[in-house]
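A quick note: this is a predicted structure, and the numbers were derived from the prediction, not measured. Just the heavy atoms: all of them, side chains too, but no hydrogens, waters or symmetry mates, feed the values below.
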Amino acid sequence: MRNGFLGSTLMVLALLATSPALQAQTSAKPGPGVATAIPDLSGNWEPHRQVPVTAETALCGIRVVCNGLLGVAGAPMAEKPEEPEMQPWAEEKYKAARVGRGPNEFGRQDLDPTFSSCMPQGPTDLMLDEFRIFELRQFPDEVLLLFDQDHLVRRIYMDGRGHPDGYTSTWMGHSIGKYEGDTLVVDTIGLNDKTRVDRVGHPHSDALHFVERIRRVNQKTLEYEVTIDDAKAYKKPWTRKIVQDLLPPGFQLLEGVLCEELLEMGTHYSAKSKK
C-alpha cells in the first residue's frame, strides 16, 4: 500500500514538473535585483574622418585639421540635412551667425559666447563638434561624458530617477538615461539659453529639451543622434547625427588650451581681430 502511494506521488510530481504552466513560472525572467547585460560604449571617441592617423598626418595635429591641409573632404556621413523651421527670433539670430560664413564653416565667432565670452559649449554643441574629443565611461548608476574642452563633464543618471521639479537652469542641464537594447537613450532638460545647439550657429531657448541615442555600430564606431525639441525656437523637433571613431588603446584625454589662456597669450581670435 505504502509503495503504491509513493509511486502515485512520484508520478504526480513528474507530471507537474513537465507542465507548461509550471515551466513558465520556473523559467524565469530575472528579478529586479538581477543585473542585465548593457552595451559597452566606453572609450575615447573623436569625429570620424577619412584621413587616417599616420606618421605623416600626425604632423598636422588632429584629423580635422589634416582634412583641410590635405584637401580631403569630411566623411560622407549623409546628405546635408534640411534646416529646421525656426521661430522668427531664432531665424534672425541664426542668419546673423551665418553672415560671411561658408557652408562648412562655424558660425561667426564674435557672436558665439563660447569664443567671445569664454563661456562653455552646450552639451549638444560638444557632441556635434567635429573638433571635440570625449571620453565615455559607464557605471551602474551613471554615465559620464568627459571632454577635452575646459574640463567639461556631463553626468547622466541611470538609477531610474526622473527630472526634478523646478530644476535650476545650468550649462549642461539635467540628464537621465536608460538602455534600450544596444542603445543608450538620454533625456535632458534644464539648460540656460546662453549656448548654441551646434557650431553652425543654431540657437536655443531655456525651453530646450533634447533626446540623444548613442549606440556602438561596431567595435570601432559609435553613432550619435540627437533630437532637438524647443518650441520657443523651432516650429517642430529636428534631428542631427554624427559618427565617432574609437581612439587607439592607451590614448589619454588631455585638457585643451583654455580660452582664458588664449586671451593671455594674445592668440585668441578677438585679439587678432583688433590688430
Is any side-chain heavy atom of Val226 less than 4.5 Å from a side-chain heavy atom of Val211? no
Hydrogens and angles aside, do Gln121 and Arg196 bring a side-chain donor and acceptor to less than 3.5 Å of each other? no
Just by modelled atom types, is the Leu128 backbone N or O under 3.5 Å from a matching donor or acceptor in the Asp125 side chain? no
For Pro47 against Glu130, the heavy-atom pair lying closest together: CG-O, 3.4 Å
Would you mind reporting whether Lys235 and Met86 have side-chain heavy atoms less than 4.5 Å apart? no
Only counting residues at least two apart or in another chain, list the ones meeting salt bridge (Lys or Arg N to Asp or Glu O under 4.0 Å) with Lys232. Asp206
Are there over 12 heavy-atom neighbours, none belonging to Glu105, within less than 6.0 Å of that residue's CD? yes
Can you find a pair of side-chain heavy atoms, one from Glu135 and one from Phe251, that are under 4.5 Å apart? no
Between Ser205 and Ala233, what is the shortest heavy-atom contact and its length? N-CB, 4.4 Å
Rounded to the nearest 0.5 Å, how far apart are CG of Leu145 and CD of Gln138? 10.0 Å
Determine whether a donor-acceptor pair (N or O, by modelled atom type, separation under 3.5 Å) exists between the side chain of Arg213 and the backbone of Val185. no
Could you state the interatomic distance from CZ (Phe147) to CG (Leu136), rounded to the nearest 0.5 Å? 9.0 Å
Between His204 and Asp230, is any side-chain donor less than 3.5 angstrom from a side-chain acceptor? no
Parallel, tilted or perpendicular: which one describes the rings of His202 and Trp238, with boundaries at 30° and 60°? tilted
Closest approach of Leu253 to Leu146 (non-hydrogen atoms, all atoms of both residues): CD2-O, 3.4 Å
Measure centre to centre between the rings of Tyr224 and Phe134, then say whether the value is under 6.0 Å. no
Student check: side-chain heavy atoms of Asp187 and His163 closer than 4.5 Å: yes
Only counting residues at least two apart or in another chain, list the ones meeting side chain to side chain donor-acceptor pair (under 3.5 Å) with Arg240. none
Val200, Leu191: one ILVMFWY side-chain cluster at the under-4.5 Å cut-off? yes
Contact check, side chains of Ile228 and Pro84, non-hydrogen atoms, under 4.5 Å: no
Would you call Arg98 and Arg101 a side-chain contact if the rule is heavy atoms closer than 4.5 Å? yes
Judged by atom type as modelled, is there a donor-acceptor pair below 3.5 Å linking the side chain of Asp40 to the main-chain atoms of Ser42? yes
Are a donor atom and an acceptor atom from the side chains of Tyr234 and Glu91 found within less than 3.5 Å of each other? no
For the pair Glu223 (side chain) and Ile214 (backbone), establish whether a donor and an acceptor sit closer than 3.5 Å, ignoring hydrogens and angles. no
Measure centre to centre between the rings of Tyr157 and His174, then say whether the value is under 6.0 Å. yes
Closest heavy-atom pair, Pro39 versus Gly181, reported as atoms and distance to 0.1 Å, is CD-O, 3.6 Å
Main-chain N/O of Ala231 paired with Gln87 side-chain donor or acceptor, under 3.5 Å: yes
Hydrophobic clusters here meaning ILVMFWY residues chained together by side-chain heavy-atom distances under 4.5 Å, can you tell me if Ile156 and Trp171 are in one? yes
Under a single-linkage definition using a 4.5 Å side-chain heavy-atom cutoff for Ile, Leu, Val, Met, Phe, Trp and Tyr, are Val143 and Leu246 assigned to the same hydrophobic cluster? yes
Which atoms form the tightest heavy-atom contact between Thr188 and Ser175, and what is the distance? OG1-OG, 2.6 Å
Atom of Thr221, atom of Trp45 and distance for their closest heavy-atom approach: C-CZ3, 3.9 Å
Distance-only, no hydrogens or angles: does the Arg216 side chain make a donor-acceptor pair with backbone N or O of Lys220 under 3.5 Å? no
Ionic contact status for Asp112 with Arg199, cut-off 4.0 Å: yes
Spatial distance of atom CG (Asp141) from atom CZ (Arg161) [nearest 0.5 Å]: 8.0 Å
Would you say that Arg215 contacts Leu222 through its side chain, given a criterion of any heavy-atom pair below 4.5 Å between the two side chains? no
Identified side chain to side chain contact (heavy atoms under 4.5 Å, CB included) partner of Met158 from the options Leu184, Ile38, Val186: Leu184
